[in-house]
**Q** 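Just dropping this structure here.
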Amino acid sequence: MTKKDIIRLLENIAVYMELSLENPFKVSAYRKAAQSLETDPRSLSEIDKFDNIKGIGKGTNDVIVEYVETGKSSVLDELKESVPAGLVQMTKISTLGPKKIVKIYKALEIDTLEGLKNACENEEISALPGFGKKTEQNISKAIDDILTRPERYAINQVLRFRDLVEQYLEESGHVVRFDVAGSARRMKETSRDIDYILIVEDVEGFTKNILEQEFVTETVASGDKKLSIIIQDDMQDINVDFRFVTEEEYYSTLHHFTGSKDHNVKMRQIAKDRNEKISEYGVESNGETLTFDSEEAFYNHFELDFIPPAMRETGEETNLDIGEIVTLDDIKGDIHMHTVYSDGAFSVREMVEACIEKGYEYIVITDHSKSLRVANGLDEKRLTAQIKEIRQINAEYDEIDVYSGTEMDILKDGTLDYSDDMLKELDYVIAAIHSSFQQTEEEIMHRLECACRNPYVRHIAHPTGRLIGRREGYPVDMVRLMELARETNTVLEVNANPMRLDINADAMRHQDIKLTVNTDAHHTDHLDFMKYGVATLQKGFVKKDQVINTMTREEFREYINKQK
DNA sequence: GCCGTTTTCGGCCCGACTGTTTTCAGTCG
């Protein structure tokens, strides 16, 4: 049994209680208990008393203890006797909450999605008191949607949707200002929907115009303050919400709809302790509503530093010394990128100039090694030629240091793709796994250990190999890898490509290990991915001195010249 | 069910929107 099992139990109980029409505050107490357990940094075996955790009291403690000791929960079992399991399925139907579900169940004894769909088609739902034609249609449609629409979209897909919308917003002529909010702004790995805050001169005109756009397939809700639509890109569709605000409200509303929910709850507590009240329109203080001309000013009002959106999750972030947390401005170089030598789209020189443009003080060119044939990996001869070219180019540019490196394959049996004699010719060596993902955790860990123990390997690229929403990655014992990294002075990479973003923030949090964040760019445009990597570090509360590419040009040169 | 420097009861975020009503309940975020 793990913490996850207990969290699932508590959330399960909350859903069943909701369908028993329990006191909503009791229901949310169970959800809160689950959340508190999730936020607690300790593993199950490290927690000795659950009710010492804020949010877990006598009631939920008893439930947890019974479950840990017996593997059963009498509370859940009792609930299950009075609530049919099919009703839990129905909670996924948007526009349908517990009250309506129970009404339908009591009146028609419907307890499956199929049964509900049939009842809609037979017009049984619209015949019930309090239900009408429109509600019946909405339920029927929502059932179709949950059968066809994914629950959450990977960040990469979200970015494609955002491009579509934001290009329109920029070019429509109706929009004075806009920002994305919600989980997309917090750069979560996945999002359910996309939220925007905007100032438009004429809400009606804007609404009419956007609804005529080809990418809009449906209007969910439309009013003075908000518009909710479904947009489509190729085969997928997603819900997009727009909030119309005034100039004065802008940053209060942006903060409110950036969330997370728990962050907002924490901020409201902080406000309440000062006899103030936060709403989406501003801060009520001594009978007047204060507004702000930046989010920073909003936080400063509560004597807090600006909290980057990526960090706004549990509320815990309000207690941190934000000044030590890494930001995009702290990143002085990108030390993992590709060129036409292997599978990149641009030459060494083009990558160098793009990085100068970004203001970097140093970069490392790290093309693939010889075994990665699909990526045109470099054999020793080509690598030697590339080292020579990099040395020449480096001599030509004063504004940046250009180092020669490699992203070298760690082969199936743990051997490395180049000999130590080759590696010592390079300024910087990255090692990575690109093959045999189906190996056991033991085999994978053996490979990673071999790489960490090599005196020339400075860093392990994308240590989990996952592609968000596409493939799981290979099996890694992250705790063990961090121990190895600490022991061998090896740096672990957070890969900033929005498809990757390994390492998971929870794994990094409060860990004292050296990290690096890099774009792994195969194209000059990919250099902009850095913000997603930095966001991932921020989620892990990583301090800037833990991240090696925050070093200054001189510090990094010293680091290169020193043995690992 | 949980919490508490206004503490053992009373509050727990609350405003926007929809749909079914004829003033408001339900849902969502």
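Owing to the predicted nature of the structure, the values given are computational and were not obtained by experimental measurement. The chains referred to below are lettered A, B, ... by the order of the sequence lines, with proteins before strands, and numbering in each begins at 1.
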**Q** Decide if atom NZ of A/Lys266 counts as having more than 12 heavy atoms of other residues, nucleotides or ligands within a radius under 6.0 Å.
**A**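 Check passes, neighbour count above 12.
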**Q** Between the protein and nucleotides 11-14 of chain B, are there any N/O to N/O pairs under 3.5 Å, and if so, what are the atom names and distances?
**A**
{"residue": "B/dC13", "atom": "O2", "partner": "A/Arg268", "partner atom": "NH2", "Å": "3.3"}

**Q** Salt bridge (Lys or Arg N to Asp or Glu O under 4.0 Å): which pairs involve residues 198-209 of chain A, sequence neighbours left out?
**A** A/Lys208-A/Glu212
**Q** Does the distance from a Lys or Arg side-chain N to an Asp or Glu carboxylate O, for A/Lys539 and A/Glu189, drop under 4.0 Å?
**A**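 Looking at A/Lys539 and A/Glu189, the cut-off is not met.
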**Q** Using side-chain hydrogen bond (donor to acceptor under 3.5 Å, both in side chains) as the criterion, list what pairs up with A/Thr258, not counting sequence neighbours.
**A**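 Listed in chain order: A/Arg185.
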**Q** Output all residues satisfying side-chain hydrogen bond (donor to acceptor under 3.5 Å, both in side chains) with A/Lys117, sequence neighbours left out; order by chain, then residue number.
**A**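 In terms of side-chain hydrogen bond (donor to acceptor under 3.5 Å, both in side chains), with neighbours along the sequence ignored, A/Lys117 is linked to A/Ser140, A/Asp144.
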**Q** Which donor-acceptor pairs under 3.5 Å do the side chains of residues 75-91 of chain A make with protein atoms, sequence neighbours left out?
**A**
{"residue": "A/Ser82", "atom": "OG", "partner": "A/Leu79", "partner atom": "O", "Å": "3.1"}
{"residue": "A/Thr91", "atom": "OG1", "partner": "A/Val88", "partner atom": "O", "Å": "2.6"}

**Q** Can you check the distance between B/dT23 and B/dT18, where both ends of the measurement are the C1' atom (answer in whole Å)?
**A** 15 Å
**Q** Near DNA chain B, counting only heavy atoms under 4.0 Å, which residues of residues 216-225 of chain A show up?
**A**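 DNA chain B contact set from residues 216-225 of chain A: A/Ala221, A/Ser222, A/Gly223, A/Asp224, A/Lys225.
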**Q** Taking a pair as Watson-Crick (N1 to N3 plus N6-O4 or O6-N4) or G-U wobble (N1-O2 and O6-N3), both under 3.5 Å, which stems of 3 or more consecutive pairs involve DNA chain B?
**A**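 Stem list for DNA chain B: B:1-4 with B:9-12, B:14-19 with B:24-29.
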**Q** Let me know, please, whether A/Asn61 or A/Arg192 comes out on the 5' side of the other along DNA chain B by nearest nucleotide.
**A**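 Taking each residue's closest nucleotide, the earlier one in sequence belongs to A/Asn61.
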**Q** Tell me, please, which residues at least two apart from A/Glu280 pass salt bridge (Lys or Arg N to Asp or Glu O under 4.0 Å).
**A**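 Counting only residues at least two positions away or on another chain, A/Glu280 forms no salt bridge (Lys or Arg N to Asp or Glu O under 4.0 Å).
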**Q** Rounding to the closest angstrom, what is the interatomic distance between B/dC17 and B/dG11 at atom C1'?
**A**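 Approximately 26 Å lies between the C1' atom of B/dC17 and that of B/dG11.
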**Q** Among residues at least two apart in sequence or on other chains, which ones pass side-chain hydrogen bond (donor to acceptor under 3.5 Å, both in side chains) with A/Ser183?
**A** A/Ser191
**Q** What are the two closest heavy atoms between A/Tyr251 and A/Arg177, and how far apart are they?
**A** OH-NH1, 3.1 Å
**Q** Using a cut-off of strictly less than 4.0 Å between a heavy atom of the residue and any atom of DNA chain B, enumerate the qualifying residues of residues 115-143 of chain A by number.
**A** A/Gly130, A/Phe131, A/Gly132, A/Lys133, A/Lys134, A/Thr135, A/Asn138
**Q** Going by salt bridge (Lys or Arg N to Asp or Glu O under 4.0 Å), name the pairs with one or both residues in residues 37-54 of chain A, residues two or more places apart or in two chains.
**A** A/Lys4-A/Glu38, A/Asp40-A/Arg42, A/Lys49-A/Asp51
**Q** Contacts to DNA chain B from residues 64-81 of chain A, heavy-atom cutoff under 4.0 Å, which residues?
**A**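 None - not one residue of the stretch has a heavy atom sitting under 4.0 Å from the strand.
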**Q** If you assign A/Lys226 and A/Asn239 each to the DNA chain B nucleotide with the nearest heavy atom, which residue ends up on the more 5' nucleotide?
**A**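 Nearest-nucleotide comparison on DNA chain B picks A/Lys226.
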**Q** Rounded to the nearest 0.5 Å, how far apart are CG of A/Leu501 and CG of A/Asn497?
**A**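 These two atoms lie 7.5 Å from each other.
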